[in-house]
Q: 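Before I ask anything, here is the structure I am working with.
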Amino acid sequence: MATVTLLRACSRGTHRLLLRPLAFSQSLPGLVKPDITSKTVMVTPAMQNAVKDYLRARRGPFTPEEKRGNHMMIASTHWKVERILAISMLGIMPACLFVQNPFMDMLLCTSVFFHYFWALDHVLTDYLEKFVPWIHKFWYVMAALGFAGLINFNLNDVGVTKAIQMLWSLH
Amino acid sequence: MAMAQTLLRSLGRQCLLRNQSVFLQKSLPSSSSAYTEMKEFWSKNRRLERPLSPHLSIYAKELTSGLSLIHRATGIAMAVGVTTISITLFALPGEFPTYIDFVKSLAVPAPIIIAAKYGLCFPVTYHYINGIRHLCWDWAMGFELGRVYKTGYFVVSLVACVCTGFVFGC
Ligand code: HEM
């Protein structure tokens with residue numbers, strides 16, 4: 001519940017400021033949703049036989065539109081949000097060593113989730129997007145299931161902070 | 001009215017909202033000279049069949065790149081691990097204390113428990129402590145090569161101490 005409220009507050013507060021206005025996206029028809037799959041892949045002569053060549057950087061350079069992508073925020077704002085989140089986790093994670101309760105469960109899960117959700121998405125962009133264009137969608141589904149699992153664990157089981165304590169008391 | 005306009009304009013120009021696209025009057029050009037240059041560079045790379053950079057098979061092993069790689073590897077491992085465990089527990093019918101009791105009933109030898117605790121503790125401790133180093137770099141602190149090495153050795157020692165403290169102390 002705390003998580004849902006937090007999320008809702010976030011989307012309310014930042015949407016107006018950060019959402020790309022409609023007029024802007026309409027002035028860039030076709031650029032807002034770059035279709036990666038429809039781009040032709042350049043084939044070099046060396047690519048035709050070896051697996052090694054498959055791992056070569058095949059698609060590029062990315063156009064400015066492709067780099068901008070279809071996002072709610074401009075990249076630098078997103079980058080700042082991610083850093084602020086990481087810095088707050090520096091306090092949240094040690095705090096969980098001392099306090100275990102449902103609020104800390106939700107705080108830890110939400111902050112850690114959003115950190116790794118975005119961070120792994122960037123890793124996928126670095127390594128896999130150019131080979132497996134649908135990989136981001138796969139990650140969104142898995143991450144959402146994982147987040148649902150975490151929330152369910154906090155609501156209907158012992159909660160993450162208690163669970164870590166129980167696990168660590170094994171010897 | 002005029003004042004409000006001036007205020008709004010200065011907000012858009014210099015302040016918080018400077019980078020927001022609300023204030024972008026014209027759409028950005030769809031290509032740039034930088035892009036054209038990159039395109040030439042890429043076609044040259046293809047023509048000469050150049051390998052990826054860095055050329056991993058001949059690239060020297062360094063502490064600095066190694067630590068960055070471990071940061072990324074531990075981050076990925078934790079993200080995949082948390083997601084997998086969370087979905088698995090979501091799907092299983094039991095409650096967490098039951099699994100803990102089950103592990104207790106196995107009477108696992110102490111060395112294996114200690115090894116497992118190191119295995120769980122290392123990624124978190126390392127990523128946390130080295131994460132502070134990464135954040136410092138993000139604010140352009142500690143970029144001199146000598147300091148990158150010093151903080152690197154410091155992180156490795158600190159992680160070893162903290163991790164051992166967690167495994168045996170708490
Ligand atoms: C307080 C604790 C943490 C801090 C300060 C932190 C900090 C960071 C930073 C600064 C980066 C970006 C690295 C770069 O600039 O290349 C990063 C990446 C990442 N983090 Fe964390 N992190 C923390 C905890 C976690 C946890 C608990 C997880 C997973 C459950 C995680 C998963 C990741 C992943 C997957 C990446 C992407 C790997 C990369 O870009 O190299 N982090 N973290």
Side-chain angles (χ1 to χ4, degrees), chain A residues 17-18 20-21 23-24 27-28 31 42 44-46 52-53 55-57 60-65 68 73-74 76-77 79 83 86-87 89-90 93-94 97 109 112-113 115-117 119-120 123 139 142-143 145-150 152-153 156-159 162-163 166-171, chain B residues 16-17 19-22 24 26-32 34-35 37-39 41-43 45-47 49-53 72 75-76 78-80 82-91 95-97 100 103-104 108 110 113-114 116-117 120-121 124 128 131-132 134-135 138-139 166 170:
Chain A
L17 201 65
L18 302 171
R20 188 192 297 265
F24 183 64
S27 73
L28 292 169
L31 301 181
M42 293 274 266
T44 65
K52 195 174 79 184
D53 289 319
L55 294 172
R56 279 199 181 158
F62 287 92
T63 63
E65 295 78 43
R68 208 178 309 125
M73 299 177 194
I74 56 173
S76 60
T77 310
W79 188 89
R83 300 305 119 162
I87 293 167
M89 280 162 62
L90 289 174
M93 286 173 68
L97 293 174
C109 283
V112 169
F113 171 79
H115 173 67
Y116 76 68
F117 171 63
L120 199 79
V123 174
W139 172 234
M142 296 317 278
L145 281 176
F147 191 54
L150 288 173
N152 178 60
F153 191 82
N156 302 318
D157 211 322
V158 291
K162 252 285 162 4
M166 290 169 77
L167 190 70
W168 219 249
S169 66
L170 288 173
H171 36 222
Chain B
L16 187 68
L17 303 174
N19 283 333
Q20 307 305 330
S21 37
V22 190
L24 241 64
K26 281 174 242 156
S27 59
L28 296 164
S30 60
S31 69
S32 61
Y35 177 66
E37 264 178 46
M38 275 195 293
K39 219 166 156 180
F41 183 69
W42 272 73
S43 52
N45 278 351
R46 287 198 179 100
R47 201 176 57 245
E49 293 185 31
R50 283 172 168 168
L52 267 181
S53 167
R72 185 154 264 208
I76 295 170
M78 287 189 294
V80 172
V82 168
T83 308
T84 312
I85 293 169
S86 171
I87 294 176
T88 311
L89 287 178
F90 202 10
E95 300 238 307
F96 190 73
I100 291 284
V103 177
K104 271 186 189 153
V108 183
I113 295 252
I114 288 170
K117 279 191 179 178
L120 286 177
C121 198
V124 185
Y128 183 101
I132 300 172
H134 269 272
L135 288 172
D138 289 340
W139 270 266
F166 274 129
C170 321

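Every chain is numbered from 1, with letters handed out A, B, ... down the list of sequences.
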Q: Using the rule side-chain contact (heavy atoms from CB on, under 4.5 Å), only one of A:Trp139, A:Phe117, A:Phe147, A:Phe113 pairs with B:Thr83; which is it?
A: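 Of all the options given, the one that passes is A:Trp139.
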Q: Can any side-chain N or O of B:Lys117 pair as donor or acceptor with the backbone N or O of A:Leu170 at less than 3.5 Å?
A: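 Checking the backbone N and O of A:Leu170 against the side chain of B:Lys117, a donor-acceptor pair under 3.5 Å is found.
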Q: State the CG-CD1 distance between A:Asn152 and B:Ile87, to the nearest 0.5 angstrom.
A: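 Nearest 0.5 Å value for the CG-CD1 distance: 12.5 Å.
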Q: Among B:Asp138, B:Ile132, B:Ile113, B:Leu135, who wins on heavy-atom pairs under 4.5 Å with chain A?
A: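 Ranked by heavy-atom pairs under 4.5 Å with chain A, first place is B:Asp138.
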Q: Which region of A:Ala119, side chain (C-beta onward) or backbone (N, CA, C, O), has a non-hydrogen atom less than 4.5 Å from a non-hydrogen atom of chain B, or is it both or neither?
A: neither
Q: State, to 0.1 Å, how close A:Trp168 and B:Cys121 come at their nearest heavy-atom pair, and which atoms those are.
A: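 What the structure gives for the nearest pair is CH2-CB, 3.9 Å.
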Q: For A:Leu167, is it the side chain, the backbone, both, or neither that has a heavy atom closer than 4.5 Å to a heavy atom of chain B?
A: both
Q: Heavy-atom distance under 4.5 Å to chain A: side chain of B:Val103, backbone, both or neither?
A: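 Only the side chain of B:Val103 comes within 4.5 Å of chain A.
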Q: Let me know if A:Met89 has heavy atoms under 4.5 Å from chain B in its side chain, its backbone, both or neither.
A: backbone
Q: Do you know the tightest heavy-atom contact between B:Ser86 and A:Gly146?
A: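 Smallest heavy-atom distance, with atoms named: OG-O, 2.6 Å.
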Q: Residues in ring-ring contact (aromatic ring centres under 6.0 Å, His included) with B:Phe90, at least two apart?
A: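 Not a single residue meets the ring-ring contact (aromatic ring centres under 6.0 Å, His included) criterion with B:Phe90.
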Q: Please classify the contact between B:Leu89 and chain A as side chain, backbone, both or neither, with a heavy-atom cut-off of under 4.5 Å.
A: side chain
Q: Any idea which of B:Ala91, B:Pro97, B:Ala110 has the most non-hydrogen atom pairs under 4.5 angstrom with chain A?
A: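 Winner by heavy-atom pair count: B:Pro97.
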Q: Most heavy-atom pairs under 4.5 angstrom with chain B, which of A:Lys162, A:Met142, A:His171?
A: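 Counting heavy-atom pairs under 4.5 Å, the top option is A:Met142.
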Q: Can you tell me how the ring of A:Trp79 sits relative to the ring of B:Trp139, calling it parallel under 30°, perpendicular over 60° and tilted otherwise?
A: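 Rings of A:Trp79 and B:Trp139: tilted, as their planes differ by 30° to 60°.
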Q: Chain B: which of A:Asn156, A:Leu145, A:Asp157, A:Ile87 shares the most heavy-atom pairs with it under 4.5 Å?
A: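 The option with the most such pairs is A:Asp157.
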Q: Please name all residues satisfying side chain to side chain contact (heavy atoms under 4.5 Å, CB included) with B:Ile76, sequence neighbours left out, ordered by chain then number.
A: A:Leu120, A:Val123, B:Arg72, B:Val80
Q: Would you say that B:Met78 contacts A:Val112 through its side chain, given a criterion of any heavy-atom pair below 4.5 Å between the two side chains?
A: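 Counting from C-beta outward, B:Met78 and A:Val112 never come under 4.5 Å.
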